Amino acid sequence: MALHRRSFVVAAGAAAAAFGQTGQARIATAMIGVGNRGSQVMSGVLQQPNAAVAAICDIKADRLDAAASAAAKDQPKTYKDWRAVIDRKDIEAVFIATPPHLHAEMAVAALQAGKHVYCEKPVGVTAAQVREVVKAAKASKKVFMAGQQLRSFTQLQEAVAKIRGGVIGNLLMVKAQRHAGSDLSHTGSSADWYFDVDKSGGYLIEQSVHNLDACNWVIGAHPVKASGFGGTQLYKNDPPGRNIYDCNVLTFDYPNGVKLSFTLNVFHPSGMPLGGQYIHVFGSQGAVDLMYSTNMYKLNGKEPPVVLAEKREEAPHGHTTAFYDCITKGSANPADITVGATAALTAILGHTAMTKQSVVSWSELGVSL
Ligand SMILES: NC(=O)c1ccc[n+]([C@@H]2O[C@H](COP(=O)([O-])OP(=O)(O)OC[C@H]3O[C@@H](n4cnc5c(N)ncnc54)[C@H](O)[C@@H]3O)[C@@H](O)[C@H]2O)c1
């Protein structure tokens, strides 16, 4: 059958989009949710030589249009219904950057349809959601990567490897925090879901999942128990209907005896010392400031601090590149389902302890990893 000129142009355009300048086939990729994070991650996908943005989905027309313009070189089709994207047989990889309560259903459907999945953190906001993703990821032969991008930071990888190799002796305790000087914007990009605990999980599950993941990583385990208290201390019913805490004070106990103390608030004045985020790791022979300097301080207090891993410019889309390397080269996955689920469950454990006001055990979450 002869091709009409218009269909030839479309076919040639689609072929160019699918093969790119190198002539190599590119992995047809769909973006579901292109708000703040999804559009950032998409810019990383567009830079990958082995990927093409073939589909973009969002329920908001303005975001869909903006993302389609940004990805114009790949000629993506746009969708409002995410299920139509999953139904497309040619789509090989799916990025999910929708609000957290939607991740599990979308990730499970994509995995069951045989797609590789990059799912933003947290994997889920309840243990039941995480359990479903774990089951689907384990049943699938495709790549599942969680958006825990700290795992792709090479400076942290080097420092964590040295700590786990024994550079400060046996680990004893970690003290970590995530403090901010103000609440998340009440009118910003994600204000329509963030302040509803059923949609975001609150600050601990939505944001501190990164910090808790780094704690698990350096300790080399997940906690067995958590206890703690939380509350809405400053932003009471602000914005109206808010049901997420603005203050968390938590303690986690790990199987190897390590204790983690973690605090979170959004009313730490910016000029005041000890603000922001840190992870201080204490061992039998010294301690490390893991998040900023990676400086190691010997316990004898006589030696100047030693830098465990030099500060460097991390590749801006290193985690996205790692995802495609897993697909095309079979590279090791830095944030597989075990990492992603463990991070989310650690935050869910802390959240459950605060809401029940009791000590909660990991086994009560009922998820086997
Ligand atoms: N890894 C990181 O460092 C990082 C940073 C920021 C956000 N995130 C995560 O990314 C996700 C999105 O956060 P955000 O800040 O981009 O929020 P956002 O509100 O800016 O974007 C979410 C987008 O999802 C769309 N959406 C909602 N329901 C949808 C549906 N049913 N189908 C398709 N699209 C739908 C919304 O319209 C919106 O455009 C969250 O899980 C968040 O935790 C990760």
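Predicted, not measured: the structure shown is a model, and the values here were computed from it. For ligands, and for the atoms within them, numbers begin at 1 and follow the listed sequence.
The pair Lys259-Asp253 meets the salt-bridge criterion, since a charged nitrogen lies less than 4.0 angstrom from a carboxylate oxygen. With salt bridges taken as basic N to acidic carboxylate O contacts below 4.0 Å, none links Lys77 and Asp90. Electrostatic pairing of Lys121 and Asp213 does not count as a salt bridge here, judged by no charged N lying under 4.0 Å from a carboxylate O.
The protein heavy-atom contact nearest to atom 44 (C) of ligand 1 is Glu120 OE1, 3.2 Å. In this structure, the protein non-hydrogen atom closest to atom 39 (O) of ligand 1 is Asp58 OD2, 2.7 Å. Ranking protein heavy atoms by distance to atom 16 (O) of ligand 1, first place goes to Arg37 N, 2.7 Å. Scanning the protein heavy atoms around atom 15 (O) of ligand 1, the nearest turns out to be Asn36 ND2, 3.4 Å. Protein heavy atom at the shortest distance from atom 3 (O) of ligand 1 is Gln149 NE2, 2.8 Å. In terms of protein heavy atoms, atom 20 (O) of ligand 1 is closest to Ser189 OG, 2.3 Å. Closest protein heavy atom to atom 22 (C) of ligand 1: Ala97 O, 3.6 Å. Scanning the protein heavy atoms around atom 27 (C) of ligand 1, the nearest turns out to be Pro99 CD, 3.5 Å.
Aromatic ring orientation, Trp362 versus His222: parallel (interplanar angle below 30°, classes split at 30° and 60°). His280 and Tyr278 have parallel rings, their planes meeting at less than 30° on a 0 to 90° scale where 60° marks the start of perpendicular.
Close approach of ligand 1 to Glu206 (heavy-atom distance below 4.0 Å) involves ligand atoms 42 (C), 43 (O). For ligand 1, the atoms lying closer than 4.0 Å to a non-hydrogen atom of Ser190 are 17 (O), 19 (O). Taking every non-hydrogen atom of Gly147 and a distance limit under 4.0 Å, the qualifying atoms of ligand 1 come out as 1 (N). The ligand atoms of ligand 1 that sit less than 4.0 angstrom from a heavy atom of Gly35 are 16 (O), 20 (O), 21 (O), 23 (C), 39 (O). Ligand-side atoms of ligand 1 in range of Trp193: 13 (O), 17 (O), 18 (P), 19 (O), range being under 4.0 angstrom from any heavy atom. If you number the atoms of ligand 1 from 1 as listed, the ones under 4.0 Å from a heavy atom of Met106 come out as 30 (C), 31 (N), 32 (N).
Counting heavy-atom neighbours within 6.0 Å of Lys162 NZ, excluding the residue itself, gives a total above 12. Heavy atoms from other residues, nucleotides or ligands lying under 6.0 Å from NZ of Lys89 number 12 at most. Counting heavy atoms of neighbouring residues, nucleotides and ligands inside a 6.0 Å radius, atom CG of Asp65 exceeds 12 of them.
Counting heavy atoms under 4.0 Å from ligand 1, residue Gln148 does not touch it at all. Residue-level proximity to ligand 1 for Arg63 is carried by the side chain, the only part with a heavy atom below 4.0 angstrom. Only side-chain heavy atoms of Leu102 come within less than 4.0 Å of ligand 1; its backbone N, CA, C and O stay farther off.
Of the N or O atoms in Trp82, none lie within a sub-3.5 Å distance of an N or O in ligand 1. Checking only distances, Lys80 never comes within under 3.5 Å of ligand 1, N or O to N or O. For the pair Val34 and ligand 1, the shortest N or O to N or O distance does not fall below 3.5 Å. For ligand 1, one of its N or O atoms has an N or O atom of His103 under 3.5 Å away.
In this structure, the side chain of Gln149 does not engage the main chain of Gly318 through any donor-acceptor pair within 3.5 Å.
The closest approach between any non-hydrogen atom of Tyr194 and ligand 1 is not below 4.0 Å. Contact analysis puts His210 in contact with ligand 1, with a non-hydrogen atom separation below 4.0 angstrom.
Put simply, the side chain of Phe323 reaches to within 4.5 Å of the side chain of Phe95, judged on heavy atoms. In this structure the side chain of Ser39 never reaches within 4.5 angstrom of the side chain of Arg63, judged on heavy atoms. Leu102 is not listed as a side-chain neighbour of Trp82, based on a closest heavy-atom distance of 4.5 Å or more. A 4.5 Å side-chain heavy-atom check between Glu105 and Arg83 finds at least one atom pair inside the cut-off.
Of the residues listed (Phe153, Tyr118, Tyr324), the one engaging His319 in a ring pair (Phe, Tyr, Trp, His ring centres under 6.0 Å) is Tyr118, and it is the only one.
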